[in-house]
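Inspection log for the structure reproduced underneath, given as structure tokens.
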Number of protein chains: 2
Amino acid sequence: MFTSSEENYLKAIYHLEIGVDKGVSTNAIAEKLVTKASSVTDMVKKLSEKELIIYKKYQGVSLTNFGKKIASNIVRKHRLWEVFLVEKLNFSWDEVHDVAEQLEHIKSPKLIQQLDLFLGFPTHDPHGDPIPDKDGNLKAIEKSLLSSLIKNESGICVGVNDSSKDFLQFLDKKGITLGKLITVLEKEDFDGSLFIQIDRKKLSISNKISNNLYIKKQ
Amino acid sequence: MFTSSEENYLKAIYHLEIGVDKGVSTNAIAEKLVTKASSVTDMVKKLSEKELIIYKKYQGVSLTNFGKKIASNIVRKHRLWEVFLVEKLNFSWDEVHDVAEQLEHIKSPKLIQQLDLFLGFPTHDPHGDPIPDKDGNLKAIEKSLLSSLIKNESGICVGVNDSSKDFLQFLDKKGITLGKLITVLEKEDFDGSLFIQIDRKKLSISNKISNNLYIKKQ
DNA sequence: ACATTATTTTAGTCTTGTCTAAAATAATAT
DNA sequence: ATATTATTTTAGACAAGACTAAAATAATGT
Ligand SMILES: [Mn+2]
Ligand SMILES: [Mn+2]
Ligand SMILES: [Mn+2]
Ligand SMILES: [Mn+2]
């Protein structure tokens with residue numbers, strides 16, 4: 001149906017337009033896809049021709065319903081494959097992304113339907129991100145940034161805001177994984193750092209870390 | 001490392017040079033890949049530049065050891081994915097090929113290593129074809145065409161020579177699947193057709209069929 | 001041996017997706 | 001209001017991988 005390149009542009013726009021009400025800028029897409037603005041302009045014209053996005057010169061772009069459907073399906077495939085890699089093939093959560101970037105472009109509706117079944121219809125990927133259903137709907141989980149907790153509050157770790165290898169490996173090193181209970185013992189006002197309890201360990205984490213960890217308050 | 005297109009050419013040459021001692025012809029490759037001879041000439045020059053094949057004008061081509069390694073690895077991936085689709089995702093043997101054609105190009109050594117483990121190190125794919133190991137070696141199974149059996153001989157069905165959807169679905173319809181015991185009850189000399197027993201059923205099959213079914217004699 | 005046919009290669013073109021450099025437009029600052 | 005800067009688009013080029021048509025070479029038949 002569509003080329004891998006087209007799919008990657010749709011996916012980028014899908015992620016970029018979340019939570020913003022104006023069009024996604026050419027430069028934003030270029031940065032996300034590590035390409036040049038001129039290349040983006042070219043592709044954006046093609047996607048517009050195919051009614052996947054709305055595009056007016058200098059105005060940025062937004063997905064049509066059709067485009068949204070295609071894009072969310074790529075995200076769905078990406079996240080299902082990530083679950084597969086972690087649950088069935090012993091990958092760790094910092095190893096799955098690059099492979100999923102390839103697998104998400106495999107074309108076979110039956111494959112994804114059966115994979116979904118095989119995995120037991122997961123709703124979230126290994127990073128806590130929701131998996132869209134066939135219609136693109138996603139089950140929003142109520143979550144807050146760890147940095148928003150105050151002293152003596154606690155919650156379960158349910159996701160990350162930054163999925164980079166570096167950050168995920170850092171969390172592993174500190175013993176922070178999804179499902180763990182975190183309690184805020186102290187909060188330093190001057191730098192926003194937290195002194196937390198996780199398992200039997202107490203540790204101090206910077207504001208940069210707590211701004212990238214999602215918690216389900218309890 | 002290599003593009004999907006390059007990998008497809010290498011795989012085609014790999015399959016075509018089995019059992020022949022002279023170079024694989026341009027036309028043979030073109031036919032297998034459903035492309036034009038001129039396109040093949042172009043690609044063959046590139047692969048030759050990269051030391052994947054030996055090519056001299058008008059002489060046909062053959063894989064170098066390096067090319068053979070790359071090609072057998074694609075075949076390995078193709079067949080492991082076919083096993084996965086049948087064993088884990090409820091695909092039937094006539095549905096797996098097209099998806100495997102895509103999956104074989106996914107680049108991740110860890111993925112294949114873990115898939116192999118997950119599947120229990122299978123040696124053959126759903127069509128009875130051997131799965132090359134990491135070094136390209138394949139475990140040859142002794143097998144004969146069903147058409148070579150004589151009256152009252154029998155054997156286990158271990159593979160197909162034709163993996164087309166049509167043929168595989170025909171076999172399903174007749175209840176012929178890998179692992180089944182087949183006994184030749186009668187052999188007609190004038191058309192080579194066989195009257196065989198499989199399970200409790202007796203049926204007649206044409207020479208065209210028996211020429212595409214591999215049997216392990218017993 | 002030579003004419004005919006089949007195969008392979010070359011030459012030139014096209015599409016996709018990228019790039020650089022330059023031009024056009026929009027946003028911002030004085 | 002105008003100058004400066006930032007963003008976006010256009011123009012032109014390139015590489016990969018395909019194609020058609022024509023030329024070159026090899027194979028075959030008489
Ligand atoms: Mn990912
Ligand atoms: Mn993810
Ligand atoms: Mn196959
Ligand atoms: Mn097979």
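Keep in mind that this is a model prediction, so the values were computed, not measured. In what follows, chains carry the letters A, B, and so on, assigned in the order in which the sequence lines appear, proteins first and then strands, with residues in each chain numbered from 1.
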### Message
Check the phosphate of dG17(C) against T35(A), side-chain N and O only, distance under 4.0 Å to OP1 or OP2. Yes or no?
### Response
no
### Query
Rounded to whole angstrom units, what separation is found between the OH atom of Y55(A) and the C1' atom of dT10(D)?
10 Å
### Of Q59(A) and K36(A), the one whose closest DNA chain C nucleotide lies more 5'
K36(A)
### Task
Would you mind reading off the distance between L33(B) atom CG and dA16(D) atom P, rounded to a whole angstrom?
19 Å
### Task
Tell me whether the OP1 or OP2 atom of dA6(D) has a side-chain N or O from N27(A) closer than 4.0 Å.
no
### Query
Is it true that the NZ or CZ of K88(B) lies under 6.0 Å from the centre of F118(B)'s six-membered ring and within 45 degrees of the ring axis?
yes
### Summary
Rounded to whole Å, the CD1-P distance (I29(B) to dA18(D)) equals 12 Å
### Query
Ignoring hydrogens and angles, are the base of dT20(D) and the side chain of S38(B) linked by a donor-acceptor pair under 3.5 Å?
yes
### Message
So for T26(B) and dT9(C), does any side-chain atom that can act as donor or acceptor lie under 3.5 Å from a complementary atom in the base?
### Response
no
### Task
Let me know the distance between CD of E6(A) and P of dT18(C), rounded to the nearest Å.
10 Å
### Task
Using atom OH of Y58(A) as one end and atom P of dA6(D) as the other, report the distance to the nearest whole Å.
17 Å
### Message
Counting only side-chain nitrogens and oxygens, does T3(A) get under 4.0 Å of the OP1 or OP2 atom of dG17(C)?
### Response
yes
### Query
Can a side chain N or O of S39(A) be found less than 4.0 Å away from OP1 or OP2 on dT18(C)?
no
### Charged tip of K110(A) within 45° of F91(B) ring normal and under 6.0 Å
yes
### Query
Taking only side-chain nitrogens and oxygens of K46(B), does any of them come within less than 4.0 Å of OP1 or OP2 of dG17(D)?
yes
#### Entry: Test item: L146(A) and I209(A) side chains (from C-beta on) under 4.5 Å apart, heavy atoms
no
### Query
If you measure only the distance, is there a donor-acceptor pair under 3.5 Å linking the side chains of S147(B) and N211(B)?
yes
### Message
By the definition salt bridge (charged side-chain N to carboxylate O under 4.0 Å, His left out), identify the one residue from R79(B), K77(B), K11(B) that meets it with E104(B).
### Response
K11(B)
#### Entry: Listed nucleotide nearest any side-chain atom of S5(A), set dC19(C), dA18(D), dG17(C)
dG17(C)
### Query
Rounded to the nearest Å, what distance is computed from the NZ atom of residue K56(B) to the C1' atom of nucleotide dT25(D)?
17 Å
### Task
Would you kindly give the CG-to-P distance between D42(A) and dG12(D), to the nearest whole Å?
14 Å
### Query
Roughly, in whole Å, what's the span from CE in M43(B) to P in dC19(D)?
11 Å
### Task
Using only side-chain N and O atoms of K57(A), determine if any of them is under 4.0 Å from OP1 or OP2 of dA24(C).
no
